[in-house]
Amino acid sequence: MSVTEFSLLRWLREGRQSRKLILLIVYIALLLDNMLLTVVVPIIPSYLYTLMHESNDTGPQNAPSPSLPSSNFQTIFSYFDNTSLITMNITEESQKQRSSLIPTQPFDVQTTVIPSDCPEADSSLLNENVKVGLLFASKATVQLLTNPFIGPLTNRVGYQIPMFAGFCIMFLSTLMFAFSGTYTLLFIARSLQGIGSSCSSVAGMGMLASVYTDDEERGNAMGIALGGLAMGVLVGPPFGSILYDFVGKTAPFLVLAVLVLFDGALQLFILEPSRVQPESQTGTPLFTLLKDPYIIIAAGSICFANMAIAMLEPALPIWMMETMCSRKWQLGVAFIPASISYLIGTNIFGVLAHRMGRWLCAFIGMIMVGISILCVPFAKNIYGLIAPNFGVGFAIGMVDSSMMPIMGYLVDLRHVSVYGSVYAIADVAFCMGFALGKN
């Protein structure tokens, strides 16, 4: 065995005991999961609108128009300017109307339709808004239904196997997004992603809570992990919109699939997902945790705060297309202020919330969410969205970085220190906010 192979094996053995490597794995998993979550935000509305209008264009509209009856029209050729005039015979019924002359060119005239970024303001936009909202909400709805099963499962088999299962499902979902060409297949891919996200988020947060037992250290670690979530939300929309606009729909998903494979390889070597590692003590039942008023209040804060960004994801791109005539790449770039501010908020208040009080931090964040979301409709262009979106992201970062650590602290304080079920509740609250917000 060479020195390089020996060093690699020793690094892997040490890595299985390293809290920092476990934090890195959870960070990457949340990063990629939320990249896939948000990369579709600028792509799907524009792609579905294109599909819908392409199908309309290939319909009966392209059929040849019926020829006008020759008995009512006469053609007069002018030698002065080489044009033809079509005149309509005036009957007794039309004598009260003015006769019209229609100039036409004697040669074939090719008309060029200039493409516009403004969609037609008709009922099709409203129908598309509903379809996009349902498609986006399907992920959160499926994740909401899956979480109550994943939490108790982690207590029985450990966090590693559900974490790796989440990677496998996410990889399959990413490939489906890349090659799906119908609304039904896209809907299935989005729903499948919900199962993978449930496995990754519940197992990841539970794993962090189990290896970071000190409350302050746990808050810092979860703030960093939520920074991965924020980075995915930050990178996803512009990454997707730019590649979609300049390369095509398949490109962003194939790049993302390669990154997901890297995450799977890292999990395979570090976490050893083939081994069952149940918890040493029996965790508090899920329904007992749901009766705890403090856990319900914390989960409600997560739900209502994230409902704000959930409302923006399906509605904002379509609203920008309709009112601002925005280009495809702008539909994703509009979310950058919210993503950057969320990244800032989670990193700042992961540490600061422990000192100023996590309940107070979450309370201030929820007030800021309400004020910021009310300012969004007053924007007249993409620059007017910067301040409201920045406020929304920063405030949600305050709430998430405060409430996620406190869920583990409440279990330590009032129940048994087994974290799968309580973070299933937290993820249910997160998903419920996204499911309700998108509808």
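Everything quoted here is computed from the prediction, not taken from an experiment.
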Original post:
Passes side-chain contact (heavy atoms from CB on, under 4.5 Å), D412 versus Y419? Steps please.
Top reply: CA-CA 9 Å; D412 289 338; Y419 306 100; 2.6 Å; yes
Less than 3.5 Å apart, which donor and acceptor atoms pair up between the side chains of residues 363-373 and the rest of the protein, not counting sequence neighbours?
| unit_1 | atom_1 | unit_2 | atom_2 | d |
| --- | --- | --- | --- | --- |
| S372 | OG | M368 | O | 2.9 |

Original post:
Shortest non-hydrogen contact from G166 to S200?
Top reply: CA-OG, 3.7 Å
Subject >> Distance-minimising heavy-atom pair for P162 and A203 >> reply: CB-CB, 4.1 Å
Original post:
Among all residues two or more places apart in sequence or in another chain, which pass the side-chain hydrogen bond (donor to acceptor under 3.5 Å, both in side chains) test with S341?
Top reply: none
Subject >> Side-chain heavy atoms of F177 within contact of L256, under 4.5 Å >> reply: no
Original post:
Considering only heavy atoms from C-beta outward, does the side chain of Y409 approach that of H354 to under 4.5 Å?
Top reply: no
Original post:
How are the rings of F394 and F390 set to each other: parallel, tilted or perpendicular (split at 30° and 60°)?
Top reply: parallel
**OP:** Please list, chain by chain and in numerical order, all residues satisfying side-chain hydrogen bond (donor to acceptor under 3.5 Å, both in side chains) with T346, sequence neighbours excluded.
**Re:** none
List, one per line, each side-chain donor-acceptor pair under 3.5 Å for residues 25-36, sequence neighbours excluded.
| unit_1 | atom_1 | unit_2 | atom_2 | d |
| --- | --- | --- | --- | --- |
| D33 | OD1 | S197 | OG | 2.5 |
| D33 | OD2 | S197 | OG | 3.2 |
| N34 | ND2 | L30 | O | 2.8 |

Subject >> Side-chain heavy-atom pair F253, I43 within 4.5 angstrom cut-off >> reply: yes
**OP:** Among L385, T38, L316, find the one that has a side-chain contact (heavy atoms from CB on, under 4.5 Å) with F335.
**Re:** L316
**OP:** Quick one: which residue pairs count as a salt bridge (Lys or Arg N to Asp or Glu O under 4.0 Å) with a foot in residues 167-183, not counting sequence neighbours?
**Re:** none
Original post:
Any side-chain heavy atom of M407 sitting closer than 4.5 Å to one from I295?
Top reply: yes
**OP:** Sequence neighbours left out, what pairs pass salt bridge (Lys or Arg N to Asp or Glu O under 4.0 Å) with at least one residue falling in residues 354-369?
**Re:** D215-R358
Original post:
Can you list every side-chain hydrogen bond (donor to acceptor under 3.5 Å, both in side chains) pair that touches residues 177-187, not counting sequence neighbours?
Top reply: none
Original post:
What closest approach, in Å, do S402 and P405 show between heavy atoms, and which atom pair accounts for it?
Top reply: O-CD, 3.6 Å
Original post:
Do T284 and V411 come within less than 4.5 Å of each other through their side chains, counting heavy atoms only?
Top reply: no
Original post:
So, do P148 and V428 sit near enough that their side-chain heavy atoms are less than 4.5 Å apart?
Top reply: yes
Original post:
Does the S173 side chain pair with the main chain of I169, one donor and one acceptor, at a distance under 3.5 Å?
Top reply: no
**OP:** Measure the CZ-OG1 distance between F136 and T141 for me, rounded to the nearest 0.5 Å.
**Re:** 13.5 Å
Subject >> Polar side-chain atom of Y423 near backbone of G408 as donor-acceptor pair, under 3.5 Å >> reply: yes
Original post:
Partners of N306 by side-chain hydrogen bond (donor to acceptor under 3.5 Å, both in side chains), sequence neighbours excluded?
Top reply: D400
**OP:** Please name the pair of heavy atoms, one in A424 and one in V202, separated by the smallest distance, quoted to 0.1 Å.
**Re:** CA-CG2, 3.8 Å
Subject >> Those residues that, when tested against D263, pass salt bridge (charged side-chain N to carboxylate O under 4.0 Å, His left out) (two or more places apart) >> reply: none
Original post:
With sequence neighbours left out, which residue pairs that include part of residues 282-308 fulfil the ring pair (Phe, Tyr, Trp, His ring centres under 6.0 Å) condition?
Top reply: none
**OP:** Heavy atoms only: give me the nearest A338-I309 pair and the separation to one decimal.
**Re:** CB-CD1, 4.3 Å
Original post:
Distance from F349 atom CZ to M398 atom CE, nearest 0.5 Å?
Top reply: 4.0 Å
Subject >> Side chains of N155 and S421 in contact at under 4.5 Å (non-hydrogen atoms) >> reply: yes
Subject >> Sequence-distant partners of T250, side chain to side chain contact (heavy atoms under 4.5 Å, CB included), two or more places apart >> reply: A178, F179, L254
Original post:
Which pairs pass salt bridge (Lys or Arg N to Asp or Glu O under 4.0 Å) with one or both residues in residues 287-311, sequence neighbours excluded?
Top reply: D292-R414
Original post:
Judged by atom type as modelled, is there a donor-acceptor pair below 3.5 Å linking the side chain of R218 to the main-chain atoms of V211?
Top reply: no
Original post:
Would you say the side chain of M403 lies within less than 4.5 Å of the side chain of W359, judging by non-hydrogen atoms?
Top reply: yes
**OP:** Kindly determine whether M205 and L226 satisfy side-chain contact (heavy atoms from CB on, under 4.5 Å), including the steps that lead there.
**Re:** CA-CA 10 Å; M205 285 298 180; L226 289 174; 3.7 Å; yes
Subject >> Expected output: side-chain S138 to main-chain L135 donor-acceptor under 3.5 Å >> reply: yes
**OP:** Can you measure from CZ (F171) to CG (L192) and round to the nearest 0.5 angstrom?
**Re:** 12.5 Å
Subject >> Point-to-point distance, once rounded to the nearest 0.5 Å, from CG of L37 to NZ of K139 >> reply: 4.5 Å
Original post:
What closest approach, in Å, do A257 and T174 show between heavy atoms, and which atom pair accounts for it?
Top reply: N-CG2, 3.7 Å
**OP:** Measure the CG-CE distance between L343 and M231 for me, rounded to the nearest 0.5 Å.
**Re:** 4.5 Å
Subject >> Euclidean distance, N147 CG relative to D427 CG, rounded to 0.5 Å >> reply: 4.0 Å
